[in-house]
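Residue indices begin at 1 and follow the sequence shown. Everything quoted here is computed from the prediction, not taken from an experiment.
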Amino acid sequence: MEYVFDVFFEECFNKMERSGLMSRTGRRDIISHLNSVISGCIQGRQTASTQLAVGLAVTSAIDYHNRMKGDNYEVCMMGKYHNVLYIALRISWDWGLEDSNIVRNLLDEIFKCEKTFERLFLGALFGCNAPHFIAGWKSDFNDQDENLRAVVFFLHHSAKARALYPTYSYAYQRLRQTKFIDVPIDSCGKATPLRVALQASAPDIVLILLRHGANPCPDDGGASPVLSLLEKLAESEDRCYPFQLVSCLKLLLRTIIMVELPYKPHLYAVRKEMFHCKYTALLEDGLLPAEQVYGIPSLKHISRCIIRDVLRENFQLPGSIVKLPLPRKLQKYIDLLD
């Protein structure tokens, strides 16, 4: 069966123009043909399972990309030779590939060439037309909802395979290993997907990213996400706060123990006074719990944050929360659903 897929890619791509996969239509044609080949392999061999056939198809696409890169002194020639990886990406999603190691290999190959996963995340964050205007790439997914569900699919597999990618750390001034969910998006100022979702005031996406282990304090060189939201809310006239912004703030506050006061290197008392003067309205209106700024948060909240931090570090969010020996109500609380 491996031979069938190897021949498929060789025959298709040898006859194709270099720009043959730049258009969404061109990619969909190849995806349709490859889906037919996979179906034929499954039907033609009773011993061939769907997962085996799909896994071989995706692996063959990765191998083809590597062969072409190897022929060019290990430099990706881009064009159709790179876009074959996005054919495999869509195939993985269409058939629900279960082998996390194969999915990780696919994501690894994309990152080696692009150093980002923006083609996958942009459609989920802004809709399927956004990648075309932002990055010159039309999403292969039908709509934003499908793209978002695909992102969750790859988040699950990257966590299961414990995938890490080298990205620049502003805190350590060097490259550090970063989880798939926190890899910066180049065309959005190298901000993490979570920061981009917060800037777009998209609480539904913020919740998905936080539940799957996005770092609530990303090391992407930007200001504290909480303080950025507070700045926006403080600008609201007559205390008419946008619902989307308030929702994003509440979700983010569920994942951090305390809000770190800005205005360093002033003394704490001065920083506290400056903070209180600027955000008095938010504190009075209950948008910002005082105990999370200069008080003592509840033990329940502290416990949630610590448990989530441990699970996040071990690639266990959100799947392992249901395995905790706790009542369902507490599990939902830890999972940010309550």
Side-chain angles (χ1 to χ4, degrees), residues 1-13 21 27-69 81-113 117 119-121 123-124 139-143 145-165 179-181 183 208 211-213 314-323:
M1 198 186 309
E2 298 93 327
Y3 177 75
V4 173
F5 294 116
D6 289 342
V7 170
F8 172 85
F9 286 110
E10 291 289 348
E11 291 296 321
C12 283
F13 285 78
L21 293 182
R27 294 194 299 275
R28 286 181 174 177
D29 286 343
I30 296 297
I31 290 169
S32 177
H33 293 325
L34 184 53
N35 279 333
S36 297
V37 174
I38 293 173
S39 297
C41 289
I42 296 170
Q43 296 171 6
R45 291 183 60 184
Q46 295 181 351
T47 57
S49 68
T50 299
Q51 290 298 317
L52 174 61
V54 176
L56 290 174
V58 173
T59 300
S60 183
I62 297 172
D63 291 343
Y64 176 82
H65 172 264
N66 284 333
R67 286 199 303 274
M68 297 301 103
K69 189 168 69 172
Y81 304 106
H82 178 71
N83 291 335
V84 66
L85 297 176
Y86 286 93
I87 300 296
L89 198 77
R90 178 72 205 207
I91 291 294
S92 300
W93 156 250
D94 282 343
W95 292 86
L97 182 60
E98 297 175 359
D99 192 321
S100 295
N101 289 324
I102 294 178
V103 174
R104 177 184 179 172
N105 291 339
L106 175 59
L107 295 174
D108 288 350
E109 289 303 316
I110 291 174
F111 184 82
K112 286 176 185 177
C113 300
F117 295 107
R119 290 191 189 181
L120 181 60
F121 277 101
S139 174
D140 289 315
F141 299 97
N142 295 323
D143 51 43
D145 178 66
E146 184 180 68
N147 202 153
L148 188 56
R149 287 187 286 117
V151 165
V152 172
F153 171 82
F154 291 106
L155 287 174
H156 165 75
H157 282 295
S158 65
K160 189 174 179 181
R162 306 178 77 85
L164 292 169
Y165 302 95
K179 295 178 181 178
F180 171 73
I181 197 171
V183 172
I208 289 172
R211 287 188 65 233
H212 283 82
N314 289 278
F315 300 86
Q316 297 297 313
L317 287 176
S320 292
I321 292 178
V322 295
K323 299 178 183 179

Exercise for the section: Start with the C-alpha distance between Phe180 and Arg104, add both sets of side-chain angles, then the distance that settles side chain to side chain contact (heavy atoms under 4.5 Å, CB included), and finish with yes or no. Expected result: CA-CA 10 Å; Phe180 171 73; Arg104 177 184 179 172; over 6 Å; no
Problem - Stepwise side chain to side chain contact (heavy atoms under 4.5 Å, CB included) check, Asp63 with Phe9 - result: CA-CA 10 Å; Asp63 291 343; Phe9 286 110; over 6 Å; no
Exercise for the section: Go through the steps for Lys112 and Asp108 under the test salt bridge (Lys or Arg N to Asp or Glu O under 4.0 Å), then give the verdict. Expected result: CA-CA 6 Å; Lys112 286 176 185 177; Asp108 288 350; over 6 Å; no
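Looking at Asp99 and Gln51, their side chains never come closer than 4.5 Å, going by heavy atoms from C-beta outward. With a 4.5 Å cut-off on side-chain heavy atoms, Arg119 and Asn83 count as touching. You'll find the side chain of Phe141 reaches within 4.5 Å of the side chain of Leu120, heavy atoms only. No side-chain heavy atom of Thr59 sits under 4.5 Å from any side-chain heavy atom of Phe5. Between Val151 and Phe117 the shortest side-chain heavy-atom distance does not fall below 4.5 Å. A heavy-atom distance below 4.5 Å is found between the side chains of Phe154 and Leu89. With contacts defined as side-chain heavy-atom distances shorter than 4.5 Å, the pair Lys160/Asn101 does not qualify. The shortest side-chain heavy-atom distance between Ser60 and Phe8 does not fall under the 4.5 Å cut-off.
Taking all atoms of both residues into account, the shortest heavy-atom contact from Arg28 to Ser139 is NH2-O, 4.4 Å. When all heavy atoms are compared, the tightest approach of Gly123 to Asn147 is CA-OD1, 3.0 Å. Among all heavy-atom pairs drawn from Arg162 and Asn314, the shortest one is NH1-O, 3.2 Å. Across all their heavy atoms, Ile38 and Ala57 have their closest contact at CD1-CB, 3.9 Å. Of all the heavy atoms in Ile42 and Ser49, the pair that sits closest is CG1-O, 4.4 Å. For the pair Gly213 and Leu317, the tightest heavy-atom approach, listed with the atom from each and the gap, is CA-CD1, 3.8 Å.
For the side-chain hydrogen bond (donor to acceptor under 3.5 Å, both in side chains) test, residues two or more places apart in sequence or in another chain that qualify with Glu10 are Arg67. Not counting sequence neighbours, the partners of Ser320 by the side-chain hydrogen bond (donor to acceptor under 3.5 Å, both in side chains) test are Gln316. Taking the side-chain hydrogen bond (donor to acceptor under 3.5 Å, both in side chains) definition, one finds that Tyr64 meets it with nothing, sequence neighbours left out.
A distance of 10.5 Å separates CD1 of Ile87 from NE2 of His33, quoted to the nearest 0.5 Å. Note that the OG1 atom of Thr50 and the CD atom of Gln43 stand 9.5 Å from one another [nearest 0.5 Å]. Atom CG of residue Leu34 and atom CZ of residue Arg27 lie 14.5 Å apart, to the nearest 0.5 angstrom. Here the straight-line distance linking atom CG of Leu56 with atom OH of Tyr3 works out to 15.5 Å at 0.5 Å rounding. In this structure, Leu85 CG and Ile110 CD1 are separated by 5.5 Å, a value rounded to the nearest 0.5 Å. The structure places CD of Glu146 at 12.5 Å from CZ of Phe153, a figure rounded to the nearest 0.5 Å.
Of the possible polar contacts, one joining the Ser92 side chain to the Ala88 backbone as a donor-acceptor pair under 3.5 Å is found. Panel note: side chain Arg90, backbone Asp140; a donor-acceptor pair is recorded below 3.5 Å. In this structure a side-chain-to-backbone donor-acceptor pair under 3.5 Å is present from His157 to Leu97.
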